[in-house]
Amino acid sequence: MKVVTTRAEVREERAALGRLGFVPTMGYLHDGHLSLVREARARSEHVAASIFVNPTQFGPGEDLASYPRDPERDLALLEEAGVDLVWLPQPGDVYPSGFATSVEVGDVADVLEGASRPGHFRGVATVVAILLGVVRPDLLLVGQKDLQQSVVLRRLAADLSLVDEVVVCPTGREPDGLALSSRNAYLDEEDRRAATVLSRALRAGRAAYDAGERDAETLRRVIRDVVAAEPRAEIDYVSLADPETLVELQGPVDRAAASMAVRVGRPRLLDNTLLHAPDPGLG
Ligand code: AMP
């Protein structure tokens with residue numbers, strides 16, 4: 001496994017590789033990240049990953065400075081998972097002096113996370129455009145855990161023709177349903193117990209949908225009521241939206257993405273499920 005820092009080194013190493021799957025990350029890796037690597041290996045000859053805590057996607061007062069980091073452990077996990085090339089840049093390698101470009105993806109980036117975290121998806125889209133431009137992979141692998149991010153990145157990739165294929169991989173979860181996240185490291189013992197409320201709420205929404213409930217407002221309320229019953233949980237949003245446009249649904253629904261952002265103690269946690277599709281992870 002080659003580990004490089006500069007754009008030029010990435011280019012040189014990439015040139016020696018064949019069909020390439022690429023997994024961008026912010027590090028502090030868990031099995032959710034590694035499931036993306038496994039999927040990349042299954043679909044391509046070679047796999048590249050990046051580890052970069054991208055400052056431009058954090059707002060003022062967010063956790064950029066304290067975001068958990070453990071590059072040595074991350075590299076060992078990536079090597080064990082069979083990654084060929086890791087880009088571990090310094091901020092100046094990604095944003096060289098004079099850097100002035102930013103990418104705005106449009107309406108899908110303005111709702112939900114985009115509304116709660118202004119500028120977040122500009123930062124995400126810009127850094128992923130840079131990473132794709134440097135790494136030039138054949139496919140990009142992202143997690144459904146960050147549903148809106150996957151929608152934004154599919155739009156970005158298609159509109160700017162940056163990569164041929166974007167693969168969205170299922171959400172990796174703890175045995176009790178909590179979606180794996182680097183930010184779970186912020187949970188103390190009691191908050192960790194309370195954090196199962198996100199997956200429990202989604203499961204309640206799925207149960208209602210599977211039982212035939214199709215009214216958007218009712219489904220949204222079923223999910224919201226479960227979260228609201230947990231005193232340690234503070235709801236940012238509970239959404240029932242069109243899975244492609246992310247526009248909030250009203251009235252009878254067919255395809256629907258249920259998603260939420262909920263603060264439990266220190267971290268703000270995300271989770272989602274597609275009600276119309278199987279989600280074995282949620283049981
Ligand atoms: P991050 O390091 O949080 O920026 O995540 C890097 C990539 O891993 C993104 O495509 C995420 O959507 C994906 N990811 C994060 N958590 C999970 C998870 N629990 N299951 C599957 N993919 C995930």
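Note that the structure is predicted; figures quoted are calculated from it, not measured. Whatever order the structure lists ligands and atoms in, that order sets their numbers, starting from 1.
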Students should be able to answer this: which protein heavy-atom is nearest to [atom], and at what distance?
{"atom": "atom 4 (O) of ligand 1", "answer": "M26 CG, 3.5 Å"}
{"atom": "atom 10 (O) of ligand 1", "answer": "G143 N, 3.0 Å"}
{"atom": "atom 19 (N) of ligand 1", "answer": "L180 O, 2.8 Å"}
{"atom": "atom 20 (N) of ligand 1", "answer": "G172 N, 2.8 Å"}
{"atom": "atom 23 (C) of ligand 1", "answer": "K145 CB, 4.0 Å"}
{"atom": "atom 9 (C) of ligand 1", "answer": "Q149 NE2, 3.8 Å"}
{"atom": "atom 5 (O) of ligand 1", "answer": "H33 NE2, 3.4 Å"}
{"atom": "atom 21 (C) of ligand 1", "answer": "P170 O, 3.4 Å"}

- Qualifying residue for salt bridge (charged side-chain N to carboxylate O under 4.0 Å, His left out) with D176, from R192, R193, R203, R200: R192

- Query: Quick one: does H30 get a heavy atom under 4.0 Å from ligand 1?
  - Reply: yes

- Task: May I ask whether S150 has any heavy atom positioned less than 4.0 angstrom from an atom of ligand 1?
- Result: no

- Item | Single-linkage hydrophobic cluster V142~L132, side-chain heavy atoms < 4.5 angstrom | yes

- Consider only side-chain heavy atoms of I, L, V, M, F, W and Y, link residues closer than 4.5 Å, and tell whether I130 and L64 are in one cluster. no

Numbered atoms of ligand 1 (with element) below 4.0 Å of [X], judged on heavy atoms:
{"X": "T25", "result": "2 (O), 6 (C)"}
{"X": "D146", "result": "11 (C), 12 (O), 15 (C)"}
{"X": "P24", "result": "6 (C), 7 (C)"}

- Message: Quick test of your reading of the structure: of L36, L147, L178, whose heavy atom lies closest to atom 22 (N) of ligand 1?
- Response: L36

- V86 vs V4 side-chain heavy atoms within contact, under 4.5 Å: no

- Report yes if some heavy atom in the side chain of E45 is under 4.5 Å from a heavy atom in the side chain of D138; otherwise report no. no

- Query: In terms of side-chain heavy atoms, does N184 have a donor or acceptor partner in Y28 at a distance below 3.5 Å?
  - Reply: no

- Any side-chain donor-acceptor pair under 3.5 Å between D93 and T5? no

- Message: Tell me whether R214 forms a cation-pi arrangement with Y209, defined as NZ or CZ under 6.0 Å from the six-membered ring centre and within 45 degrees of its axis.
- Response: yes

- Hey, are R268 and D63 close enough for a salt bridge, meaning a charged N less than 4.0 Å from a carboxylate O? no

